[in-house]
Every structure is written in structure tokens, then in C-alpha cells.
Protein chains: 2
Amino acid sequence: MGDTPGTIGTGLGGEPTLEEQIAAYQREFQDLDPQVEKIVSALSRLNRRMNVAYGRQTADLGISNAEWEVLKALVLSGAPYRLGPSDLAKRLGLTPAAMTHRIDRMVAEGLVTRERDESNRVRVIVELTPEGREKWLQAMRMATVFEGDLLQDLTADERTSLGEVLTRLLRRVEHAQPDAGGRLSDLD
Amino acid sequence: MGDTPGTIGTGLGGEPTLEEQIAAYQREFQDLDPQVEKIVSALSRLNRRMNVAYGRQTADLGISNAEWEVLKALVLSGAPYRLGPSDLAKRLGLTPAAMTHRIDRMVAEGLVTRERDESNRVRVIVELTPEGREKWLQAMRMATVFEGDLLQDLTADERTSLGEVLTRLLRRVEHAQPDAGGRLSDLD
DNA sequence: ATCTCGAACTTTAGCTTTGAAGTCTTCGGT
DNA sequence: ACCGAAGACTTCAAAGCTAAAGTTCGAGAT
């Protein structure tokens, strides 16, 4: 097994390199277009590595990646940084039940407050606290440094082109998927 | 509960569009480079949507996305499609405990077999069954159709360029992360 | 006014994963 | 040979999620 270059040097444990993996796919599945597979596999791996990086950064701040997602959603909603649990759940791709629990924890940690809407007493309002906003800001600063570093070697043209192509692919996927209520993890 | 009410229209529920999101980020965080954010957000979203698509396909086959990952790892290891639990766990980015449970289920479903290594009685060998290989093949066929469709609108040059740029980014991330034994979900 | 349907959130039960402790086998030092 | 340490897997307890049932409140129909 362990054959050649940097088999395990960096990267994850016994994981084959991208090149090894594509070669293996070609052996096992002739119909495969190596160019397509290269793009798809690189996309997937890149995303995983980035999530690990984000996870480390947020962990250093004493919050989880899951909590950072909530903070992001609240900040993105704009001042006064309030959203209902069901709205949050939709944005994050969670079930309402999971949202309830996550908010429980974040209230206990002082990142958000939860109160009933007086005009609409069925509703609940989750609001960012100053501490929560500060955590978001710190995470954001670390993230932008990381992201800038990641794209450092790309020329201006390459960045423009990459953004445009990815957006085009995204549109295609979203258009092709009317979404039958699928639940999935969010993390923009 | 019916499957219709405005719960979810196109894309995810109350999720803002990519453009809205970037505009919101710029309002809340001046230091943000919109071009970088566009790339990063598109990458993240694209990956999510693709995982949903894979999840639907594998669900149609009666297996979970998690199980498909195990099948992929075994096939990629080459004939005779055998790996130990700890090796599998490393490739999938799972803890050994999770691997044990996942193998339990897959053995029960007839996708793999588990037996002790006679020459090394501490070790266990997980081997793909013909049924497991057939499931992998079916999933693979569906995946390649989807992937080909996704990249349909890209020219040959764009595909080459995209693959090259993504590979470059991946190398950068892997080089920058000596990997402190991080656990994360795999899904190439 | 009251009733009933429906919406928003919470609670409950079950599943998957993690982290830590436990079991069994192999290997190396004495 | 014997004993201890290390490795490979499993077991156990707890965290976090989903699906489904339960609760509470509001709006329109009777």
C-alpha cells in the first residue's frame, strides 16, 4: 500500500493523495472522466480542510463551529440582530428541535438572549448579545486572514474567473434542485 | 404534515441569495474582500448542495451517505477490497468507535463482512461483499451522471483551469495544515 | 363569543458520533 | 520464559441531531 511520495506526509492519516485516488477510480470504473473527478474531489477535499481550519479557529475562541454559524446568521440579518428560532433553523438547515437545543446552550453561554415576542406571544426572539457580536467579529477576523492566505497565490484574473465559474455551478445546482425539504448543514 | 406549505421554496428556506449575503457581509464588516468572500461562500454552498444530491441518490439505493463513504474507501483500496477498521477510520476521518458501529450496521445489511485476521489475531478485516460492490457501482453511476450534468456548461478550457486552480488551493491548505489529528467527515 | 385549524416552539425517544475506559493480542526487554 | 508496554478493536457514557408527538397561542369561521 504505502507506496510513494508523501504518502502520509501531511494531510489525513491513511488517506490517499488526490492523484492516487483518481488513478484508483479509473482502475475500478472505466466510465469515469478523470477531469470531472479531479474537480469534484478537489472541491470536496478543499471544503473539508477549510472546515477543519475554521473549527480550530473558533475553538480557540471558545465557541464551536455550530455556534459560529448561528452568530453569522444573526449578524447577516442586520441590526438589531434578531431572528426567530424557526427562521434560524431554516437558514442553518437544522430541524426546529435542534435549534431549540442549540439556542439553549448559547443562551447559557451568554452569546444570545431568548425572549417571547410580546406582540405575538407564540413567537420567540433570539437576539445577539454584545459578547456574541464580539465573538463573531473575532472569528471573522481570523477567517478573513485565513481566506486571504488561502487565495494568496491566485492572480486577479484567476480569482475573478474562479468566482464566476463557481457561481455558475452553484446556480446550476440550485436550479436543478427544487429542494424537497432536505436538511443539511450550513456553513457559509 | 403536508409537504407543501411555504416551508421551503427554492433552495433552502429563508436563506439569502449569495449576492444578498455578500452585501450583508460588506455592511457589517468593512475589511471584507468581496471577491474572496464570493469564492469562499460559493465553494461552501456548492459543496452542500452536492452533498444533498448525493444523499438523495444513495437514499434511493437504500444506503446512507455514510455507508457509501465506506464502500468508496474499500473499492478505492483495490482488490480484494479489504481494509482494517482503523485504516478505514483514518480514511473517513472517524473515530475508531464510530467505525465499529458503522461496520456493525453494514455487516447486518450484508454490504461488508467482518472477520479476524488469522495471522494477526488482534486485527480485523472488513471486506466488501458482492452486494456491497454492486451498491457502490450503482451509486457511482448516478454520481457520474450528476457530476457530468453539473459541469455541462463549462468549456474544456474552463474545466482544465478549474481543476488546476482547485488543486493548487488544496495543496496550499494541506501544506499549511500539518494535521494535529483532526477528525472530520470525508466525502470524496 | 366560541370553536377549530394552523403556526411556532418545546419535549420525548431513538440514532450516530465522540472521548475515555476496557479487553485482548503481540512484541520487546530482562 | 516472563513481564510490561503498546497496539487494535470494542464497550460505555454523554453530546448533538432528527422525527414525531405535545403545548401554547393566534386567526378565521360559525
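Judged as a side-chain contact (heavy atoms from CB on, under 4.5 Å), and not counting sequence neighbours, the contacts of B:S161 are B:V165. Under the salt bridge (charged side-chain N to carboxylate O under 4.0 Å, His left out) criterion, A:R133 pairs with B:E28, not counting sequence neighbours. Residues satisfying the salt bridge (charged side-chain N to carboxylate O under 4.0 Å, His left out) test with A:D153, not counting sequence neighbours, are B:R172. Applying the salt bridge (charged side-chain N to carboxylate O under 4.0 Å, His left out) rule to B:E164 yields the partners B:R168; only residues at least two apart in sequence or on another chain are considered. Residues that satisfy the salt bridge (charged side-chain N to carboxylate O under 4.0 Å, His left out) test with A:E127, not counting sequence neighbours, are A:R82.
In this structure, A:E69 atom CD and D:dG16 atom C1' are separated by 13 Å, rounded to whole Å. In this structure, B:E67 atom CD and C:dC15 atom C1' are separated by 13 Å, rounded to whole Å. Atom P of nucleotide D:dG16 and atom CG of A:L92 are separated by 15 Å, given to the nearest angstrom. Remark: P of C:dC9 and CG of A:L83 are 11 Å apart, rounded to the nearest angstrom.
Applying a 4.0 Å cut-off to non-hydrogen atoms, the residues of residues 98-115 of chain A that approach DNA chain D are A:A98, A:R102, A:R105, listed by residue number.
The side chain of B:S86 contributes no N or O atom lying less than 4.0 Å from OP1 or OP2 of D:dA8.
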Donor-acceptor list for residues 104-114 of chain A side chains, cut-off 3.5 Å, not counting sequence neighbours:
residue, atom, partner, partner atom, Å
A:D104, OD1, A:R114, NH2, 2.2

Identify every side-chain donor-acceptor pair in residues 136-145 of chain A under 3.5 Å, counting partners at least two apart or on other chains, and give the distances.
residue, atom, partner, partner atom, Å
A:Q138, NE2, A:E134, OE2, 3.1
A:T144, OG1, A:M140, O, 3.2
A:T144, OG1, A:R141, O, 2.9

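Which of D:dC17, C:dA8, C:dT11 sits closest to the side chain of A:L94 comes down to D:dC17.
A pairwise comparison of heavy atoms in B:R159 and B:L154 identifies NE-O, 3.5 Å as the closest pair.
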Give every pair of a protein N or O atom and an N or O atom of nucleotides 25-28 of chain C that lie under 3.5 Å apart, one pair per line with the distance.
residue, atom, partner, partner atom, Å
C:dT26, OP1, B:R121, N, 3.2

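Nucleotides of DNA chain D nearest to B:I125 and A:A66 differ in position, and the one nearer the 5' end is that of B:I125.
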